[in-house]
Each structure stands twice: as structure tokens, then as C-alpha cells.
Amino acid sequence: MPGDVDEGTPRFGPARFRDVAGRFPSGVTVITGVDETGPVGFTCQSFHALSLDPPMVVFAVARTSTSWPRIRPSGRCCVNVLAEDQEQVARTFATSGIDKFAGQGWRAADDGSPVLDGVLAWFSCRITGIHPGGDHEVVTADVAELGADEHDPLVFHRGRYLGLRALPTA
């Protein structure tokens with residue numbers, strides 16, 4: 001009933017929001033870049049194509065990320081869309097305080113951003129906007145170069161990494 005709850009106060013907490021939002025399966029990406037110390041990257045599942053003309057993408061990165069502050073100043077990044085067999089890559093790039101590129105093959109896109117070996121698709125981008133989004137920053141980027149291969153995607157659903165065939169049907 002109107003007036004019973006403060007309009008700005010939700011009737012649920014962060015755990016409930018995560019549970020309900022987690023029912024939407026998403027692809028898994030690793031955002032990569034390079035700074036003066038070398039390649040850097042982080043796992044990101046908040047990614048979408050934004051525009052066809054001009055070609056643009058959007059992703060969201062947690063304000064607590066330690067990798068994003070190393071990528072942001074360059075104005076460039078690469079979005080690597082992970083293939084079904086790259087769960088360990090997703091887990092590695094989601095871990096702080098380790099050398100995420102140890103044992104990880106990659107090549108440089110034209111702008112120098114790392115394109116990880118074995119990915120389903122990749123988008124080398126010029127960052128065009130960074131906007132506040134609660135506990136995240138919402139990043140828009142123009143796509144300068146891209147590529148794709150024939151793999152099935154890695155999917156994140158209800159807190160688990162899955163292949164498409166493993167998604168529940170009911």
C-alpha cells in the first residue's frame with residue numbers, strides 16, 4: 001500500500017537481489033589491457049553489445065576491482081568472450097593478487113591489448129565513457145577491431161559456470 005514503505009527502500013536485501021538476478025544466464029568475459037608493468041585483466045559477466053552504428057559495447061566493473069584502475073588510464077581494452085572450456089581462465093582472472101597471465105597464452109591486438117588464446121570472440125576497444133552505476137562503473141567503448149572462432153560459450157548461471165547444454169530446461 002502506498003506510504004507503507006519508503007519509496008527508496010527496497011523490500012529485499014543484496015543476497016535476494018543476487019539470487020534473483022543470477023537466474024539470468026550471462027556470458028563470461030575477461031577484460032584485458034596493458035599498463036607500464038605488463039598485461040592486466042579481470043573476469044566480467046556484465047557485458048553487452050550496445051550499438052551497431054557505430055559499433056559499441058558496454059560493460060560494468062566493480063568499484064573494488066584492483067585491475068580496472070590499471071586498465072582505465074590507457075583508454076583501451078579488449079573484451080575476451082570465453083569459450084565453454086575456459087572456466088579455469090574465468091576463475092583465474094577473478095582472483096586478486098596473483099599473476100593472472102602466468103601460463104595464459106595471448107597475442108596483442110593492433111592497440112596492444114591482450115587477446116587471450118582460445119576465446120569464442122574478442123573486441124578491441126577505445127573507452128569512450130565511464131559512468132557511475134551504484135557499486136560499479138559502467139563503461140562504454142567503441143569497437144576498433146574484433147574476431148571470433150567456432151566454440152560454444154561459457155555461461156554463468158545461479159553462481160555456477162556452465163556450458164549451454166548444461167543449462168536447466170525447466
Answer yes if [X] and [Y] sit in the same cluster of Ile, Leu, Val, Met, Phe, Trp and Tyr residues linked by side chain heavy atoms under 4.5 Å apart, and no otherwise.
X	Y	answer
L82	F156	yes
L146	V28	no
V58	V139	no
V143	V79	yes

(request) Hey, could you give me each pair passing ring-ring contact (aromatic ring centres under 6.0 Å, His included) that has a residue in residues 71-97? Not counting sequence neighbours. (result)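 Output for this query lists F93-F101.
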(message) Checking F42 against V61 for the side-chain contact (heavy atoms from CB on, under 4.5 Å) test, could you report, in this order, the C-alpha distance in whole Å, the side-chain angles of both residues, the deciding distance, and whether it holds?
(response) CA-CA 9 Å; F42 61 92; V61 57; 3.5 Å; yes
(request) Evaluate side-chain contact (heavy atoms from CB on, under 4.5 Å) for V57 paired with L50, printing each intermediate quantity in order. (result) CA-CA 5 Å; V57 297; L50 178 62; 5.5 Å; no
(request) Starting at CD1 of I130, measure out to CH2 of W68 and round the result to the nearest 0.5 Å. (result)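 Nearest 0.5 Å value for the CD1-CH2 distance: 4.5 Å.
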(request) Enter the distance from Y161:OH to Q88:CD here, rounded to the nearest 0.5 Å. (result) 9.5 Å
(request) Please confirm whether the backbone N or O of T140 pairs with a side-chain atom of T128, one donor and one acceptor, at under 3.5 Å? (result) yes
(message) Keeping S74 on the side-chain end and I71 on the backbone end, is there a donor-acceptor pair under 3.5 Å?
(response)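 Side chain of S74 to backbone of I71: a pair is present.
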(message) Can you list everything that forms a salt bridge (Lys or Arg N to Asp or Glu O under 4.0 Å) with R76? Sequence neighbours excluded, please.
(response) none
(request) Sequence neighbours left out, what pairs pass salt bridge (charged side-chain N to carboxylate O under 4.0 Å, His left out) with at least one residue falling in residues 124-147? (result)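 For residues 124-147: R63-E137, R72-E137, R126-D142.
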(request) May I ask you to test the F59-C77 pair for a side-chain heavy-atom distance under 4.5 Å? (result)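 A side-chain contact exists here, since the closest heavy-atom pair is under 4.5 Å.
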(request) Determine whether P39 and Q104 make a side-chain contact, defined as any pair of heavy atoms from C-beta on separated by less than 4.5 Å. (result)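 They are not in side-chain contact.
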(message) Under the rule for side-chain contact (heavy atoms from CB on, under 4.5 Å), what residues qualify as partners of D85, not counting sequence neighbours?
(response)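 side-chain contact (heavy atoms from CB on, under 4.5 Å) check on D85 returns A83.
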Determine the minimum heavy-atom distance between [X] and [Y], stating which atoms define it.
X	Y	answer
I98	T92	CD1-O, 3.7 Å
L154	A90	CD2-CB, 4.0 Å
I31	C44	CG1-CB, 3.8 Å

(request) Step by step, work out the side-chain contact (heavy atoms from CB on, under 4.5 Å) result for W106 and N80. (result) CA-CA 11 Å; W106 63 280; N80 294 269; over 6 Å; no
I'd like a table of donor-acceptor pairs (distance under 3.5 Å, sequence neighbours excluded) in which one partner is a side-chain atom from residues 114-125, with atom names and distances.
unit_1: S124; atom_1: OG; unit_2: D111; atom_2: OD1; d: 3.3
unit_1: S124; atom_1: OG; unit_2: D111; atom_2: OD2; d: 3.0

(message) Test: side chain to side chain donor-acceptor pair (under 3.5 Å). Region: residues 43-57. Which pairs qualify, not counting sequence neighbours?
(response) none
